[in-house]
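Shown next, in structure tokens, is the structure this report addresses.
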Amino acid sequence: MSFVETTVVAGFSLGEILIAIAALFVALAIAMLYRAVDGPTIQDRVLAVNVLGTNTVVILALLGAALNEPWFLDIALVYALLNFLMSVAISKFTVEQGGVI
Amino acid sequence: MTDLEFVRVALVLLLALTGLFFTLVSATGVIRLPDVYARAHTASQADTLGAGFALAAVAFTLGWEPTTVKTVFLLFFIFLTNPTAAHAIARAAFEEGIEPWTELDEEGGERR
């Protein structure tokens, strides 16, 4: 039995509470999807997708802790790297001269 | 539950809820603010803080284990890259020629 299963707070195990918090993060991500769809400029959409990616990393880490599967953190690390690369690459290639950093 | 475990669980819940609050602030900003520069501002600050708190909660949940190092790496990495990405996006927007929102735009009632 792991720490997240044995610890009980107000009738729920810590793992269940962390899953609920991850679900709230998912709800916020769905709300932010509005900006990715509606955003008038390309940069608005890239920014929204970047914030969504950060949210995804947090959700993966929370689920990895809640389900006691630590290898989720490896995927979260790769996702964070790709997310940063995506933002910088799109910013660089949508501009004429490309000197954005 | 021993005293130390109680402190640990309280810290996990407090950090996770604080992270959720700051992510809520960031989501509100990204959806409601008037132009791309203001949104880049909230995305780089509030969202980084929210992710930092939530990842700290994950680190406390995992405890003293080798995998916790990955959480710390992730936290450090997000603190480094998230503002950089927002800066690159805002700078790309400026070089595209998008005018920053001013109070004059409010009188016209125009929202971009």
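Only heavy atoms go into these numbers, but all of them, side chains included; no hydrogens, no water, no symmetry mates. This is a predicted model, so every value here is computed, not measured.
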## Note on the structure
Ranking A:L81, A:I17, A:D38, A:I42 by heavy-atom pairs under 4.5 Å to chain B gives rank one to A:L81

### Message
Under 4.5 Å from any heavy atom of chain A, what part of B:I78 do you find: side chain, backbone, both or neither?
### Response
side chain

## Note on the structure
The interface call for A:Y34 against chain B, heavy-atom contacts under 4.5 Å, is side chain

## Note on the structure
Here the gap from A:T54 atom OG1 to A:F25 atom CZ, rounded to the nearest 0.5 Å, amounts to 11.0 Å

## Note on the structure
Comparing A:L28, A:V57, A:V58 against chain B, the one with the most heavy-atom pairs below 4.5 Å turns out to be A:L28

### Task
Say whether, by atom type as modelled, one donor and one acceptor occur between the side chain of B:Y37 and the main chain of B:F94 under 3.5 angstrom.
yes

#### Entry: Options A:N83, A:N50, A:L62, ranked by heavy-atom pairs under 4.5 Å with chain B, top entry
A:N50

### B:D47 to B:S26 - nearest heavy-atom pair and separation
OD1-OG, 3.3 Å

### Message
If we ignore hydrogens and angles and just use 3.5 Å, is the side chain of A:R45 paired with the main-chain N or O of A:R35 as donor and acceptor?
### Response
no

### Side chain, backbone, both or neither of A:I90 within contact of chain B (heavy atoms, under 4.5 Å)
neither

### Task
Considering non-hydrogen atoms only, spot the tightest contact between A:A66 and A:L18 and give its length.
CB-CB, 3.7 Å

### Summary
Ranked by heavy-atom pairs below 4.5 Å to chain A, first place among B:N82, B:T81, B:V12, B:L24 goes to B:T81

### Task
Would you mind telling me which of A:L73, A:L24, A:L47 has the largest number of heavy-atom pairs within less than 4.5 Å of chain B?
A:L47

### Message
Is A:L77 close to chain B through its backbone or its side chain, or both, or neither, when contacts mean heavy atoms under 4.5 Å?
### Response
both

### Task
Using non-hydrogen atoms and a 4.5 Å limit, figure out which bit of B:L62 sits close to chain A: side chain, backbone, both or neither.
side chain

### Task
Pick one of side chain, backbone, both or neither for B:L55, based on which atoms fall under 4.5 Å of a heavy atom in chain A.
side chain

### Message
Between A:T56 (side chain only) and A:L52 (backbone N and O only), is there a donor and an acceptor less than 3.5 Å apart?
### Response
yes

### Query
Should A:D44 and B:R39 count as an ion pair when the cut-off is N to O under 4.0 Å?
yes

### Task
Kindly state each residue pair satisfying side-chain hydrogen bond (donor to acceptor under 3.5 Å, both in side chains) with at least one member in residues 59-77 of chain B, sequence neighbours excluded.
A:D74-B:K70

### Message
Taking every non-hydrogen pair under 4.5 Å, which of A:G53, A:S87, A:G64, A:A61 racks up the most with chain B?
### Response
A:A61

